[in-house]
Each structure stands twice: as C-alpha cells, then as structure tokens.
Student: 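Shown below is the structure under consideration.
We're numbering straight along the sequence, starting at 1.
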Amino acid sequence: MRLENKVALITGGGSGIGKASCLLFAKEGAKVVVVDLKKEAAEATANEIGDNARAFAADISKASDCEAMVKFAEETFGKLNVVFNNAGIFHPNDESVTNTTEAIWDMVINVNLKGVFLGCQYAIPALLRAGGGSIINTASFVAIMGAAVPQIAYTASKGGVLAMTREIAVEFARQNIRANSLCPGPVETPLLAELLADSARRNRRLVHIPMGRFAKAEEMANAALFLASDESSFVTGTSFLVDGGISGAYITPE
Ligand code: NAD
C-alpha cells in the first residue's frame, strides 16, 4: 500500500476531488482526516471509509478553524504526514475584471488563496514534528493559461496558489517537506455542475480539451496520491498539470 503508516488531512473532503482522494488515500493505507465546511458531507465520507477516518468541520478561510483541524489530526492519529489543501469555491458571478464585485473577489480569494495559506501555516509545524511530509495544494490549469470564459477572482486565486506553493517548496526542501500544486483541467464535480448543465457553456469548454471529455474526480485523486506518496520523493515546487492535454494544445482536433 502506497500510504501505509501515513496520516493525511484533506480539505473539501465532503465532495468531488476531495472525497475521491479521501477514499483512495484510505484504500492505500492512510489514516484520513476529512475536513469540510459541511459537517454532514465530511461525516458521510468518513463513514464510508470507517475506522481509519474521522470527520472535522472547518471553514478553511478562518485561522482558528485551520489551527483546530491540524490539532485534531495530531490528537486523533498521533501525527500528520500529508496535507491536501483542496477545498475551493467557484462563484457564478465571478466574471470579467470589469464587472466582478469586490465582495465576490474577497469571498473567492479568502477561501481559495487565504484558505490554502492558512492550511500551510498550521500544517507545516505539524509536518516538521513528524519529520517531514507532503503538501498538495489545488490550483487549476487556469493558473497557467487565460480561461476561455472570464472568472477573474478564481483565476487570480489559483495563480496565487502556484506562486505560494513554489515558495513553500523552496523554503522547506531541506527540512524534508515537499510542496506541489495540482492543476486539474475541468472535472465533473458539483463545483462545475451548474455550469456544465448548460450545453452551450459545456461545449464552450469541451472544445478546448484534446481528450474530448471532462476529467473524473478519481483521476485527480490518483494524481494527488502520487504527490502524497514517497513515489514522488524528488518532486517538489512543481505545478502538476492533469488537464487532458488542454495546456499542450494550440488547436484541438475535431
Ligand atoms: P466540490 O464543490 O465538489 O467540492 C469542494 C468541497 O469544498 C465541498 O465539499 C465544499 O463544502 C468544500 N468547501 C468549500 N468551501 C470551504 C471552506 N471555506 N472550508 C472548508 N471546506 C470548504 O469541488 P471540486 O470540483 O472537487 O474542487 C476541489 C478543488 O479543485 C477546488 O479547489 C477547485 O477550485 C479545484 N478545481 C476544480 C476543477 C473542476 O473542474 N471541478 C478544476 C480545477 C480545479
């Protein structure tokens, strides 16, 4: 098993990529702390796993919640080896720079960027106490390319995640902590459900994906598993694109 004797904390574990990762990490031997804003969703994931998982309700945009989730992981399972700062939001009125409100900007940045900062801030001392570990921060392919449909706060938040993760990787590399960003292409999860339900908006995105389909949450969980496990022992500071070829394409085939 690829995560035997490891303790992992995954934010946004109640849905989508986070949930698929909780299930996979547990299957690979990890003890998992399932963190989510929605208590019932976190509990449902933890119950599906059984004894090797515990749910914890936290809002990652709040420092006290991030401090508490890390403390809970150490108290419950004795240590922390892997942190997957995955929780994030997408707001339907997050659009062009010219019409996105300050309130939406603040909301998205607070969760997607500050939430990852706080997750790292409180997890790193715990990882150091465990002798090192792996941090995975969820960004997006839009942090690397301009999005075809504007979503300025989301894109800016994910660009911040990439830059911050690189700097963390450099600072802590000699202390046995690795930090990498996962950059998914579009994934069929509740985050995009409303958007993908509209066939025009769905096709507007689909046309850019060489593979001709959206990703499944399990495909992101597999990529996160690689970054979490010792198989990626020389991988740090990277922006791991798992995007069905989007970023490699100039024009996609019919
Ligand atoms: P999702 O909506 O299915 O799941 C996100 C989970 O995060 C939810 O359970 C939600 O309750 C939780 N959450 C939201 N705000 C929170 C907060 N403040 N504190 C704690 N938990 C909170 O989304 P997903 O598609 O699985 O997305 C996971 C990550 O992947 C996000 O960071 C997202 O931006 C990123 N991502 C998704 C896609 C995609 O196409 N779905 C593409 C690129 C990147």
Student: Does any part of the side chain of Leu80, heavy atoms only, come nearer than 4.5 Å to the side chain of Val70, both counted from C-beta?
Tutor: yes
Student: Return yes if some donor-acceptor pair links the side-chain N/O of Asp36 with the main-chain N/O of Ala42 below 3.5 Å, else return no.
Tutor: no
Student: State whether the side chain of Asn52 and the backbone N or O of Lys31 hold a donor-acceptor pair below 3.5 Å, judged by distance alone.
Tutor: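 No, the answer is negative, given that no donor and acceptor are paired below the 3.5 Å cut-off.
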Student: Check whether the side chains of Asn112 and Ser157 place a donor and an acceptor atom closer than 3.5 Å, and report yes or no.
Tutor: yes
Student: Answer yes or no: are there more than 12 heavy-atom neighbours, outside Glu231 itself, under 6.0 Å from its atom CD?
Tutor: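 Enclosed: over 12 neighbouring heavy atoms sit under 6.0 Å from CD of Glu231.
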Student: Work out which heavy atom in Cys120 is nearest to a heavy atom in Ile135; give both atom names and the distance.
Tutor: SG-CG2, 4.0 Å
Student: Do Lys38 and Glu43 sit within salt-bridge range, that is, some charged N less than 4.0 Å from a carboxylate O?
Tutor: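 Here Lys38 does not pair with Glu43 in a salt bridge, since their nearest N and O are not under 4.0 Å apart.
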Student: Tell me if a side-chain donor or acceptor on Arg213 pairs with a main-chain N or O of Pro210 at a distance below 3.5 Å.
Tutor: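 Such a contact is absent between Arg213 side chain and Pro210 backbone.
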Student: If we ignore hydrogens and angles and just use 3.5 Å, is the side chain of Lys19 paired with the main-chain N or O of Gly12 as donor and acceptor?
Tutor: no
Student: Just say parallel, tilted or perpendicular for the rings of Phe84 and Phe25, cut-offs at 30° and 60°.
Tutor: parallel
Student: For atom NZ of Lys27, decide whether the heavy atoms of other residues, nucleotides or ligands shown that lie under 6.0 angstrom number more than 12.
Tutor: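 12 or below, so no.
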Student: Would you tell me whether Asn99 and Glu95 have side-chain atoms, one donor and one acceptor, within less than 3.5 Å of each other?
Tutor: yes
Student: Does any donor atom in the side chain of Asn137 or Thr165 lie under 3.5 Å from an acceptor atom in the other side chain?
Tutor: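 A pair is found: one side chain offers a donor N or O, the other an acceptor, under 3.5 Å apart.
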Student: Between Glu74 and Arg129, does any side-chain N to carboxylate O distance fall below 4.0 Å?
Tutor: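 A salt bridge is present here (some side-chain N lies under 4.0 Å from a carboxylate O).
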